[in-house]
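Shown next, in structure tokens, is the structure this report addresses.
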Amino acid sequence: MEKPTLPKGTRDFGPAVMAKRQFILNSIRGVFQLHGFQPLETPTMENLSTLTGKYGDEGDQLLFKILNSGDYLKDVDQSKLNTKDSKLITSDISEKGLRYDLTVPFARYVVMNRHEITLPFKRYQIQPVWRADRPQKGRYREFYQCDADVVGTDSLICEAEIVLMIKSAFKSLGITDYTIKINHRGILAGIAELVAANEKESSLFVAIDKLDKIGEEKVKEELRIRGFGEKGLTTLFEIINFKGTTQEKVEFLTFRFATSEKGQKGIADLKQVFVLLKSYNTTEDHVEFDISLARGLSYYTGCIFEVKINNVVIGSVSGGGRYDNLTQAFGSKEKLSGVGISFGVDRLYDAMEELKLFPQEVNASSTVLISHFDEPSMNYGLGVLQTLRDKGIASEIYPDSVKIQKQFDYANKKMIPYVIVIGSEEIKSQQLTIKNMKTGEQEKKSISEIISFLTGN
RNA sequence: GUGGAUGUAGUUCAGUUGGUUAGAAUGCUAGAUUGUGAUUCUGGAGGUCGCGGGUUCGAGCCCCGUCAUUCACCCCA
């Protein structure tokens, strides 16, 4: 028989992995709720018309499309079929696709439910998304995103709170060595004006975003190929190579952007965000104003964020920014500004695994296993089991009458810290043996003593 | 979409210039112990060497194809 396999880029999550994933998910969910965000879920599939055109040409190609049900070729024009050009007929044979991110479905939801949403609307969403690219390290075809977005306000308090939420989430995850990079599309636009990028803005942004990865020379090389002149390149690197404190960068750019309206706006926004952070009584630790941060998604218009964990070779674990026009793509006449952040659970997992940051406890399943020497003691154990569960102690009984070694092995494998041993002596004396599986120590206690021992009361 | 690497036991891997019956560790399983494990000892099961073809007297090893996994590019969480 053929061995079953998984589709490329997808994974099963066994109990040990799930325990750790849920630790991450619960931590992030807790942070979102603490900051006043409410949950939202949207369908796995969306109409293709909802998804296409929102992520650029590259993004459209990475959409998973769902074949129409039934006789999907029936109504396709024969001449189109004869061309054998699959792009021509995709719109005829597929009208649904899997969601590519959580922001676009959220925008769709806001437009559809505008009448019952109170602005500003703060929602969080934790669901898998799908992308049809080729998997590699830290890149999957199915992965989870944890998004928190606010729509309906231009307030930069939202930007500041994004920084706070990132800090708070990383604190509860135990990640200490990381950098929140922050920049502004206005600043990038200002740079583009200065180097006369004109129509080539996006290739300029893509190239400078790679600066810390491939280095100055390679970026220059790429930009020359894209048709940028030496004069522009000199100006560009004068700006993005500027080193200094946030304060110094702001002053430097204010000077350079004297004639750029967009650039000035970017500086003013960022300045304000840093002022607000101060009002929150938080430090600027981990926060870095990075002039070369660009981010690919074209819908960002204001501040942009990206979070990297240091000393781990993995892409960014979190990213986000402000977008002014997203709901307009769905025919909203009202201009709703939104700003959001997304955590990539799978990358956080990989990074935390590599840095050995998962607490030992997350693996524990039950607290107690009830083991027994014979059938009468197994039956007696059932009553004990129920008593423990009534007190909220996660517990289980070994369901077969087998030798004690096997029951202990089971407890060890499931990392159950305590085993209660029941035999004829225990039944007679009403004193059960409780064993600490780590130290091997054991003592006899009554059920009520065991309960107060395990619950710590 | 483009390029590289790797496919041998459940798992991690050895396997000589191509030579007889493909090994180890670990895990699994049964027993030294009829009330005590992770750390003793002994036995047992488990492999169409990814798949298909070719070269050869002979292929796990060489050649071609194919599939899978993985890394990088593009792009992205």
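A, B, ... follow the sequence lines: proteins, then strands. Residue 1 opens every chain.
Closest to the side chain of K137(A), from the set C76(B), C71(B), A38(B), is C71(B). Of the candidates A77(B), A30(B), G37(B), A77(B) carries the atom nearest the S316(A) side chain, counting heavy atoms from C-beta on. For L62(A), counting side-chain heavy atoms from C-beta on, the closest listed nucleotide (U36(B), C73(B), C75(B)) is C75(B). Distance from the side chain of K406(A) is smallest for U29(B) among the nucleotides C74(B), U29(B), U36(B). Side-chain atoms of V421(A) lie closest to G35(B) of the nucleotides G35(B), A77(B), G37(B). The D409(A) side chain lies nearest to G37(B) when the options are C74(B), G37(B), U36(B).
Side-chain nitrogen and oxygen atoms of K403(A) include none within less than 4.0 Å of the OP1 or OP2 phosphate oxygen of G37(B). OP1 or OP2 of C73(B) sits under 4.0 Å from a side-chain N or O of K213(A). The shortest distance between the side-chain N/O atoms of K8(A) and the OP1/OP2 oxygens of U70(B) is not below 4.0 Å. Put simply, Q136(A) has no side-chain N or O that comes within less than 4.0 Å of OP1 or OP2 on C71(B).
Residue E426(A) places a side-chain atom within donor-acceptor reach of the base of G35(B), judged by atom type and a 3.5 Å distance cut-off alone. The base of U33(B) has none of its N or O atoms less than 3.5 Å from a complementary donor or acceptor on the side chain of Q405(A). Within 3.5 Å, a donor on the side chain of R347(A) pairs with an acceptor on the base of C76(B), or the reverse. Between the side chain of R134(A) and the base of U2(B), a donor-acceptor pair under 3.5 Å is found.
Ring centers of Y418(A) and F453(A): under 6.0 Å apart, within the cut-off.
On the C1' atoms, C62(B) is 12 Å away from U17(B), given to the nearest whole Å. A gap of 34 Å separates the P atoms of A45(B) and U70(B), to the nearest Å. Taking atom P in both U16(B) and G60(B), the straight-line distance is 12 Å, to the nearest Å. Rounded to whole Å, the separation between the P atoms of G15(B) and A72(B) comes to 26 Å. Comparing the P positions of G65(B) and G3(B) gives an interatomic distance of 13 Å, to the nearest angstrom. For C74(B) and G4(B), the C1' atoms lie 16 Å apart once the distance is rounded to whole Å. For C51(B) and A68(B), the P atoms lie 15 Å apart once the distance is rounded to whole Å. If you take atom C1' in U21(B) and the same atom in C13(B), they sit 22 Å apart, rounded to whole Å.
Ring pair Y300(A)/Y323(A) is tilted by interplanar angle, where 30° to 60° counts as tilted. Between F358(A) and F23(A), the ring planes lie perpendicular to each other; the angle is over 60°, past the 30° to 60° tilted range.
Between G9(A) and E441(A), the residue anchored nearer the 5' end of RNA chain B, judged by the nucleotide with its closest heavy atom, is E441(A). Between K413(A) and T439(A), the residue anchored nearer the 5' end of RNA chain B, judged by the nucleotide with its closest heavy atom, is K413(A).
Between D212(A) and K181(A) there is a salt bridge, since a side-chain N of the basic residue sits under 4.0 Å from a carboxylate O of the acidic one. For the pair E222(A) and K218(A), the salt-bridge criterion is not met [side-chain N within less than 4.0 Å of a carboxylate O].
Stacking annotation: F143(A) is stacked on the base of A77(B) (ring centroids less than 5.5 angstrom apart, interplanar angle below 30 degrees).
The CG atom of D133(A) sits 12 Å away from the P atom of C75(B) (whole-angstrom rounding). Following rounding to the nearest Å, R11(A) (CZ) and U69(B) (P) show an atom-to-atom distance of 13 Å. Atom pair H372(A):NE2 and G35(B):C1' shows a separation of 14 Å (rounding to whole Å applied). The interatomic distance linking D350(A) (CG) with C76(B) (P) rounds to 20 Å, in whole Å.
The partner of G60(B) is absent, by the rule that a Watson-Crick or G-U pair needs both atom distances under 3.5 Å. Both distances falling under 3.5 Å, in either a Watson-Crick or a G-U wobble arrangement, place U11(B) opposite A25(B). In this structure, A72(B) forms a base pair with U2(B), meeting either the Watson-Crick or the G-U wobble geometry with both donor-acceptor distances under 3.5 Å. The partner of U33(B) cannot be assigned: no Watson-Crick or G-U wobble pair with both contacts below 3.5 Å exists in any strand. Shown here, G65(B) forms a base pair with C51(B); the pair counts as Watson-Crick or G-U wobble because both key distances fall under 3.5 Å.
Geometric assessment of R123(A) against the ring of F37(A) yields a negative cation-pi assignment under the 6.0 Å and 45° thresholds.
Between the side chain of R131(A) and the main chain of D101(A), no donor-acceptor pair closer than 3.5 Å is present.
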> Can you list the steps and then say if F330(A) with T50(A) is a side chain to side chain contact (heavy atoms under 4.5 Å, CB included)?
Replying inline: CA-CA 8 Å; F330(A) 295 109; T50(A) 302; 3.6 Å; yes
